[in-house]
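Working notes, structure below.
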Amino acid sequence: MIRFDNVTKVYARGARPALHDISLEIEREEFVFLVGASGSGKSTFLRLVLREERATSGTVFVAGRDLGNLSNWKVPALRRQIGAVFQDFRLLPNKTVFENVAFALQVTGRPRHQIRTTVPEALELVGLAGKEKRRPHELSGGEQQRVAIARAMVNRPPILLADEPTGNLDPTTSLGIMRLLDRINRTGTTVVMATHDDEIVDQMRKRVIELQTGDLVRDQSRGVYGASR
Amino acid sequence: MRFQFIASEIWIGLRRNLSMTVAVIIVTFVSLTFIGSAALLQTQIGKFKDDWYGKVEVSVLLCPVNSAKPVCASGEATSEQIAQIEQVLESPEIAPEIETVTFESKAEAWESFADRFEGQWLLSQVSEEDMNASFRIKLTDPSNYQVIADILTGRAGVEEVQDQRQILEPIFRVLGGATLVAAGLAAVMLLAAILLITTTIRLSALSRRRETGIMRLVGASNFFIRLPFMLEGAIAALIGGILSVTGLWFAVKYLVQAQQSSTMQWVPVVTTSEVWRLAPWLIITAVAVAMVASALTLRRYLKV
């Protein structure tokens with residue numbers, strides 16, 4: 001689903017690479033934790049998958065596309081294949097829960113009848129049925145993240161990227177979000193989650209990829225957060 | 001759905017930057033009004049020229065009884081001299097240049113002079129003896145005046161060859177100058193309009209960074225993301241354009257045409273139909289300028 005072949009990313013000429021010669025493959029329907037300290041290259045990894053950045057050298061393949069050769073006008077089609085959630089939720093404060101989720105469908109030009117049926121399904125999936133009319137500031141942090149996940153999943157993308165989705169949440173709420181992501185993964189979505197949260201990683205026992213100052217230092221199936229801590 | 005969504009996005013954008021939107025409308029309104037005025041003035045000059053050049057004549061003034069000019073030292077033009085001039089006018093070299101020739105005798109000149117200044121002081125100061133007999137020549141092409149002037153000037157009995165066109169030239173120079181001034185102001189205002197549209201779109205894009213960020217993330221096409229911003233600029237420019245057309249229409253209808261019907265019926269002037277002919281061009285210009293300015297701004301501020 002996602003393949004990196006000797007990928008290096010250098011932001012400024014002469015600077016230390018943010019990612020250095022990374023090669024790995026993430027299979028369809030896998031659940032992968034991306035761990036490492038701040039500045040280890042986790043976010044750069046996710047930005048390369050979303051083609052917000054291009055690799056300086058090497059090749060990135062996502063959902064069968066070579067992102068190095070992908071022309072700009074085809075990038076939106078790629079991003080419809082990828083859902084993304086972030087630590088800061090990125091919801092629109094002046095829209096209701098329903099409108100926030102519907103936004104993803106509206107801006108990709110879906111017909112109204114499709115929005116009417118798929119948005120409630122997505123809210124049902126994340127456990128927010130009945131809260132359609134609330135605004136983000138009326139919800140708890142965990143609920144806001146669920147709205148963000150519903151928005152990411154409403155297009156039914158085969159890949160879900162999560163950049164520290166539990167970073168702003170307390171442990172109990174985080175656990176709820178993790179259960180949700182696990183359930184999404186079980187229904188056939190490839191999930192890549194960047195995180196600092198050692199407890200969660202240790203508990204879930206999924207594949208762990210560890211980055212350290214841009215280098216791939218560990219790729220372990222059913223791993224833990226790591227001894228290097 | 002798409003249409004409704006884009007329309008609501010545009011409405012939000014315009015309302016959020018209301019003062020800037022109003023500024024864009026005003027500046028496009030003023031700049032287009034100047035462009036329109038320049039165009040109408042040019043049309044007006046064209047009309048004057050068509051009308052007046054059709055009427056103007058070359059006057060060959062013959063020597064009167066008491067002339068101060070040395071060419072007339074021998075006194076009033078004799079009938080032989082007049083006949084000679086007539087022959088020249090009928091000669092094959094210049095006959096094709098001439099459409100009609102009328103001879104106005106001293107008596108006829110006096111009659112029309114007396115008619116024109118009847119009851120005025122000037123009339124008591126002159127007599128029939130002071131009048132010039134003249135040939136009034138209408139040329140096939142009014143700009144060929146010089147040919148006639150060269151042949152007839154200095155000939156015995158001819159006091160002066162006058163081209164009436166030269167009387168009109170200063171008027172056209174003034175009108176031409178006014179056109180240039182209007183066009184110059186239009187150019188400056190248009191520049192201001194472009195800069196203002198650019199700034200407005202940039203502000204609009206910045207104030208909706210959150211929305212556009214999410215749009216990019218969920219895979220909205222670039223066109224879809226940029227369209228509301230471009231239409232925002234275009235709508236403001238469109239309103240400015242409509243205002244300027246309205247302004248020009250009122251100006252022509254109630255200033256120019258009303259003036260003409262009361263005081264200067266003999267002058268052909270621009271009409272509202274010319275404003276209508278101009279209107280689509282003004283509006284297309286405004287909208288196109290706004291779209292291009294927005295598109296260029298967005299290229300810098302909304303990257304893929």
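Here the structure is a predicted model, which is why all the values come from computation and not from measurement. Side chains included, hydrogens not; waters and symmetry mates left out as well; all remaining heavy atoms used. Throughout, a chain's letter reflects where its sequence line sits, starting with A, and its residues are numbered from 1.
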Item to complete: Test side-chain contact (heavy atoms from CB on, under 4.5 Å) on A/Ile209 and A/Phe33 and set out the steps.
Response: CA-CA 6 Å; A/Ile209 294 171; A/Phe33 283 118; over 6 Å; no
Practice prompt. Could you give me the CA-CA distance, side-chain angles and deciding distance for A/Glu53 and A/Tyr11, then say whether side-chain contact (heavy atoms from CB on, under 4.5 Å) is met?
Written response: CA-CA 9 Å; A/Glu53 302 286 349; A/Tyr11 282 106; 3.7 Å; yes
Worksheet entry | Chi angles and distances behind the side-chain contact (heavy atoms from CB on, under 4.5 Å) call for B/Ser294, B/Met291 | CA-CA 5 Å; B/Ser294 323; B/Met291 296 278 268; 5.5 Å; no
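A salt bridge does not link A/Glu138 with A/Lys131: none of the charged nitrogens is closer than 4.0 Å to a carboxylate oxygen. Taking a cutoff of 4.0 Å between a charged side-chain nitrogen and a carboxylate oxygen, A/Glu99 and A/Lys133 do not qualify as a salt bridge.
The interface of residues 142-161 of chain A with chain B, defined by heavy-atom distances below 4.5 Å, comprises A/Arg151, A/Asn155.
Judged by distance alone, the side chains of A/Arg51 and A/Asn72 do bring a donor and an acceptor atom under 3.5 Å apart.
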Only pairs under 3.5 Å count here: list side-chain donor-acceptor contacts from residues 174-201 of chain B, not counting sequence neighbours, and write none if there are none.
{"residue": "B/Thr179", "atom": "OG1", "partner": "B/Leu175", "partner atom": "O", "Å": "2.9"}
{"residue": "B/Thr198", "atom": "OG1", "partner": "B/Ile194", "partner atom": "O", "Å": "2.6"}
{"residue": "B/Thr199", "atom": "OG1", "partner": "B/Leu195", "partner atom": "O", "Å": "2.8"}
{"residue": "B/Thr200", "atom": "OG1", "partner": "B/Leu196", "partner atom": "O", "Å": "2.6"}

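If you measure heavy-atom distances from A/Asp88 to chain B, you find no contacts under 4.5 Å at all. Residue contact with chain B, scored on non-hydrogen atoms closer than 4.5 Å, is absent for A/Leu78.
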